[in-house]
Structures are given as C-alpha cells and as structure tokens.
Amino acid sequence: MPESYHVDAYKVEGKIDYDQFAKQYGLKPIDPELTKRLEKYTGPLHFLLRRNIVFAHRELDWILNEYEKGNPFYLYTGRGTSKGMHLGHLMPFMLAKWLQDKFGVEIYIQIPDEEKYLAKKDIDMSLDEIHSMAMDNVLDIIALGFKPAKTKIFFDTNYANTMYKNAVRVAKHITFSTVKDAFGFTNESNIGLLFYTAMQAVPAFLKSVEVGHNVPCLIPLAIDQDVHFRVARDVLGKLGYYKPSIIYTKFLPGLDGTSKMSSSEGGNTIYLDDPPEVVKKKVFRALTGQQATAELQKKYGGDPDKCMVCQYYRYFFEPNDKKLEAIFKAERNGTLLAGEHKAALADTINKFLKEHRRKKERAREKLDKFIVSD
Ligand code: TRP
C-alpha cells in the first residue's frame with residue numbers, strides 16, 4: 001500500500017486511492033455490462049451503484065450466473081459496535097436493504113460484540129456495556145427497513161453455540177503467519193483478535209451448513225473489511241463451500257474532505273443522534289472549496305468535487321440525478337453561495353435524522369422478530 005494511505009480492519013488513515021486498492025487486491029470494477037445484468041432484476045439501479053460509490057466487486061457476475069440458474073444467494077454483512085453510529089456506517093446497510101428488496105433474499109447480520117472488546121485497547125468497557133451499545137446500533141440498522149421474515153441478526157456472544165462450532169473449523173486452516181501478514185498483528189496483539197477473523201468468516205457459509213447444501217453468499221461491505229474475506233475465501237474453498245462474493249462501497253468522506261467519516265473525529269462526523277443545532281454547526285464548518293468572498297464566488301464559481309456539501313448530496317442526500325446535477329451546476333457557476341448551500345444541507349440532514357429516529361423508536365418493538373440466539 002502506498003505511504004499516503006492505510007486501510008485494514010483496524011485502521012483507516014490518509015487519502016484512499018480506491019483504484020489502487022482495487023488493483024492491489026484484485027477487485028473488479030462494476031462495469032456497464034454488469035450493471036446492465038443487475039438492472040434486469042432490480043430495475044433502475046440504486047444511486048450508490050449509479051454513482052460509482054459502490055465501485056468494485058468480487059464475483060458478482062458469478063452470483064448472477066447462479067441466480068439465473070435458479071440458485072439464489074443470501075446476503076451477509078455486519079456491524080462492529082461503536083458508541084453511536086454515524087451516517088457513513090449506514091451506507092453498506094442501505095445497499096444491503098435495497099438488494100434484499102429487489103432480489104427478495106434473506107440477510108444475515110453479524111454483530112461481533114466481542115470484536116470491539118478485543119480490538120480497542122483504549123476503551124475500558126466491559127463486554128456487557130459493549131453489548132448494550134451494540135443493541136442500540138441494531139435499532140439503527142432495523143430502522144432502515146429490513147424485512148423481519150428475511151433478516152437474522154445475531155450477537156456473537158449470544159449465538160456462540162452455532163458460531164463457535166463453525167469458527168473452529170475455519171480457524172484450523174488459518175496459521176499465525178497468515179493473520180500476522182494480513183492484519184499486521186505483532187507479538188503484543190491479544191490472541192482473541194487473532195482468532196476473531198474465523199468468527200467473521202462463519203456467516204459467509206452458515207446458510208449452507210443450515211440447509212445442508214451450498215448456497216451462494218453476497219457480502220456488501222466497506223473496503224476495510226476486505227482483509228477478513230481475503231483470508232476467509234481461501235479457507236471456505238478448502239472446506240468445500242462456495243467462496244462468498246463481495247460488493248464494495250466507498251467511505252462517506254468527513255465534512256472536512258478527509259476520506260472517511262471517522263468515529264473518533266467528532267467534528268467532521270454526523271452521528272445519528274446529533275441534535276439539529278449540532279448538525280448545523282458541523283455542516284457550517286464543512287469544506288466547500290468556494291472562493292474567498294461571495295463576489296469572487298459569483299465570478300469564478302466553485303468545484304463540486306471539492307465541495308463537501310455537494311458531495312454529501314451525491315453520497316447520501318439527493319437520490320435524484322437531475323436534482324443533483326442542478327446543485328452541482330449552481331456550485332460551478334457561482335449562483336449557490338456557501339451560506340445558503342450549507343443551511344439547505346443541514347436542513348435536509350436534520351429531516352432525515354428526525355425520520356430515522358422515529359423509525360428507530362418503532363424498531364424497539366420489533367427487536368424480537370430479528371434477533372436470533374442459541
Ligand atoms: N468487523 C466489522 C466491523 O468492525 C463487522 C462485521 C462483521 C462485518 N461481519 C461483517 C462487516 C461482514 C462487513 C461484513 O464493523
């Protein structure tokens with residue numbers, strides 16, 4: 001990986017070069033041939049796909065081949081817990097929900113509550129505390145509208161009988177040297193985290209174990225999770241299961257223009273529980289790349305690619321391509337000034353969050369329909 005950025009499961013830093021990442025790890029671009037095939041089943045594509053925010057895949061073409069042969073897939077994704085989820089965390093789940101609706105397929109959602117317990121040296125939280133934080137994350141996920149009859153959500157510690165039995169089968173095929181190379185573990189790393197990747201592999205073949213024959217699996221994720229599945233794909237092949245297919249979303253950038261909205265850099269990150277005033281304050285500090293004065297802006301215009309307000313519409317808040325282009329145009333020709341531009345985005349975000357919180361409250365009553373344990 002070039003010096004300028006770093007992406008792995010436990011650290012994301014610098015300015016991410018997605019094309020370089022794809023090339024280095026052998027991901028394929030989502031090309032027009034593939035989107036045309038997808039569209040045959042889904043109708044108009046989700047804007048994340050249309051805008052190349054879902055930018056790469058592994059063997060999505062194979063998933064469609066199998067689908068066409070009458071061998072449908074299931075979806076799998078997951079969520080390592082954090083105190084509060086932010087907007088960026090929702091993106092792979094929004095994609096997953098869309099895929100669930102369009103293909104009418106099941107989804108398994110893993111909540112590895114032990115992972116953050118093991119990974120975070122700096123937070124001194126008990127497993128129980130992490131567990132209740134995770135429960136709040138689950139409500140945010142359910143709020144996106146997953147279908148209860150086709151969605152299984154499980155916490156590793158509460159589904160241990162099923163998970164552990166299968167994880168040891170994976171772990172037997174992963175050497176210390178493999179995880180050391182893949183994750184950058186050292187002699188100081190704890191052994192729980194060394195084992196953890198085997199737990200994350202399990203839901204990628206769990207359905208096959210349950211039904212007694214191989215079922216294709218498609219995993220929507222952000223690129224920091226790829227490393228787990230580079231390891232897992234090798235092992236699952238050895239165990240006689242299908243290798244899971246993957247589609248990759250880019251990270252929602254931070255409001256300051258950094259590559260990734262980060263949980264630890266609160267000022268550039270919109271959390272799902274940020275009150276309206278806080279959202280406004282943060283959005284008003286966003287990087288717009290506009291000229292120094294309104295006069296100059298009117299004269300020279302701005303650059304939508306550098307303006308984070310424009311980018312937030314592109315990544316999240318304006319699904320309509322024509323409306324998005326109108327916003328970009330107004331930015332380019334200088335008719336849209338930073339103040340009103342930011343005020344409008346803050347408003348849009350606050351409306352979204354208000355609605356999200358309403359759905360989250362309702363999700364509480366439905367929890368039992370989603371969560372499985374053993
Ligand atoms: N490790 C992921 C995280 O830290 C959580 C996760 C578990 C996951 N299984 C997954 C993410 C499958 C994507 C796909 O957030």
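- A 4.5 Å side-chain heavy-atom check between Glu318 and Phe328 finds every atom pair outside the cut-off.
- For the pair Leu193 and Tyr10, the minimum side-chain heavy-atom distance is below 4.5 Å.
- Ring geometry for Phe103 against Phe73 counts as perpendicular: the plane angle is over 60°, on a 0 to 90° scale with 30° as the lower cut.
- Rounding to the nearest 0.5 angstrom, the gap separating the CG atom in Asn350 from the NE2 atom in His356 is 13.5 Å.
- The hydrophobic cluster containing Leu60 also contains Leu45, counting ILVMFWY residues as joined when their side-chain heavy atoms lie under 4.5 angstrom apart, directly or transitively.
- A salt bridge links Glu106 with Lys207: the distance from a Lys NZ or Arg NE/NH1/NH2 to an Asp or Glu carboxylate oxygen falls below 4.0 Å.
- No side-chain donor from either of Asp226 and Tyr25 sits under 3.5 Å from a side-chain acceptor of the other.
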Item checked: Glu355 vs Arg358, salt bridge (Lys or Arg N to Asp or Glu O under 4.0 Å): CA-CA, chis, key distance, verdict -> CA-CA 5 Å; Glu355 181 60 14; Arg358 197 182 57 79; 2.6 Å; yes
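- No donor-acceptor contact under 3.5 angstrom links the side chains of Asp274 and His86, judged on distance only.
- Both Val211 and Tyr74 belong to a single network of hydrophobic side chains, linked directly or stepwise wherever heavy atoms of I, L, V, M, F, W or Y lie under 4.5 Å apart.
- Between Lys147 and Ile107 there is no side-chain heavy-atom pair separated by less than 4.5 Å.
- A distance of 8.5 Å separates NZ in Lys28 from CD in Glu59, rounded to the nearest 0.5 Å.
- In this structure, CD1 on Ile130 lies 12.0 Å from CZ on Phe155, to the nearest 0.5 angstrom.
- A search for ring-ring contact (aromatic ring centres under 6.0 Å, His included) contacts involving Tyr242 returns Trp62, not counting sequence neighbours.
- In the hydrophobic cluster analysis, where Ile, Leu, Val, Met, Phe, Trp and Tyr join through side-chain heavy atoms closer than 4.5 angstrom, Leu324 is grouped together with Tyr312.
- Within the 4.5 Å cutoff, the side chain of Met125 has heavy atoms near those of the Met133 side chain.
- Interatomic distance, CD of Glu13 versus OG1 of Thr258, reported as 11.5 Å (0.5 Å rounding).
- Remark: Arg50 pairs with Asp321 by the side-chain hydrogen bond (donor to acceptor under 3.5 Å, both in side chains) rule, at least two apart or across chains.
- Residues satisfying the ring-ring contact (aromatic ring centres under 6.0 Å, His included) criterion with Tyr313, sequence neighbours excluded, are absent altogether.
- A donor atom on one side chain and an acceptor atom on the other are not found under 3.5 Å apart for Tyr117 and Glu129.
- A distance of 6.0 Å separates NZ of Lys282 from OH of Tyr271, quoted to the nearest 0.5 Å.
- Ion pairing of Glu66 with Lys69 is present here, as a side-chain N (NZ or NE/NH1/NH2) and a carboxylate O approach within less than 4.0 Å.
- Cation-pi geometry between Arg58 and Phe229 is not met: the NZ or CZ atom fails to fall both under 6.0 Å from the ring centre and inside 45° of the normal.
- The side-chain hydrogen bond (donor to acceptor under 3.5 Å, both in side chains) test applied to Asn137 returns Arg79, not counting sequence neighbours.
- Qualifying salt bridge (Lys or Arg N to Asp or Glu O under 4.0 Å) partners for Lys342, counting only residues two or more places apart in sequence or in other chains: none.
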Check: Does the pair Glu277 and Lys280 meet the rule for a salt bridge (Lys or Arg N to Asp or Glu O under 4.0 Å), with working shown?
Finding: CA-CA 5 Å; Glu277 279 316 301; Lys280 213 164 164 190; 5.1 Å; no
Next item on the list: Evaluate the criterion side-chain contact (heavy atoms from CB on, under 4.5 Å) for residue pair Lys250 and Met91; output intermediate values, then yes/no.
Entry: CA-CA 9 Å; Lys250 291 181 184 170; Met91 286 170 40; 5.7 Å; no
Next item on the list: Check step by step if salt bridge (Lys or Arg N to Asp or Glu O under 4.0 Å) holds for Arg332 and Glu325.
Entry: CA-CA 10 Å; Arg332 259 185 239 114; Glu325 187 41 43; 3.3 Å; yes
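- Among residue pairs with one or both ends in residues 89-100, those qualifying as salt bridge (Lys or Arg N to Asp or Glu O under 4.0 Å) are Lys97-Asp101; sequence neighbours excluded.
- A chain of hydrophobic side-chain contacts below 4.5 Å, direct or via other Ile, Leu, Val, Met, Phe, Trp or Tyr residues, connects Val235 to Phe176.
- Of the candidates Phe370, Tyr76, Tyr159, Tyr159 is the only one forming a ring pair (Phe, Tyr, Trp, His ring centres under 6.0 Å) with Phe154.
- A distance of 9.5 Å separates CG in Leu118 from OH in Tyr196, rounded to the nearest 0.5 Å.
- Note: the hydrophobic cluster containing Val278 does not contain Phe352 (ILVMFWY, side chain heavy atoms under 4.5 Å, direct or indirect links).
- Inspection of the Ser126 and Asp128 side chains reveals no N or O donor paired with an N or O acceptor under 3.5 Å.
- For Arg364 and Glu361, the salt-bridge test passes: some basic side-chain N is under 4.0 Å from an acidic carboxylate O.
- Across all their heavy atoms, Leu255 and Met308 have their closest contact at O-CG, 3.2 Å.
- Ser259 places none of its side-chain heavy atoms less than 4.5 Å from the side chain of Val12.
- Taking the side chain as every heavy atom from C-beta outward, Leu49 and Leu95 approach each other to under 4.5 Å.
- A heavy-atom distance below 4.5 Å is found between the side chains of Phe55 and Ile223.
- A 4.5 Å side-chain heavy-atom check between Ile153 and Ile142 finds at least one atom pair inside the cut-off.
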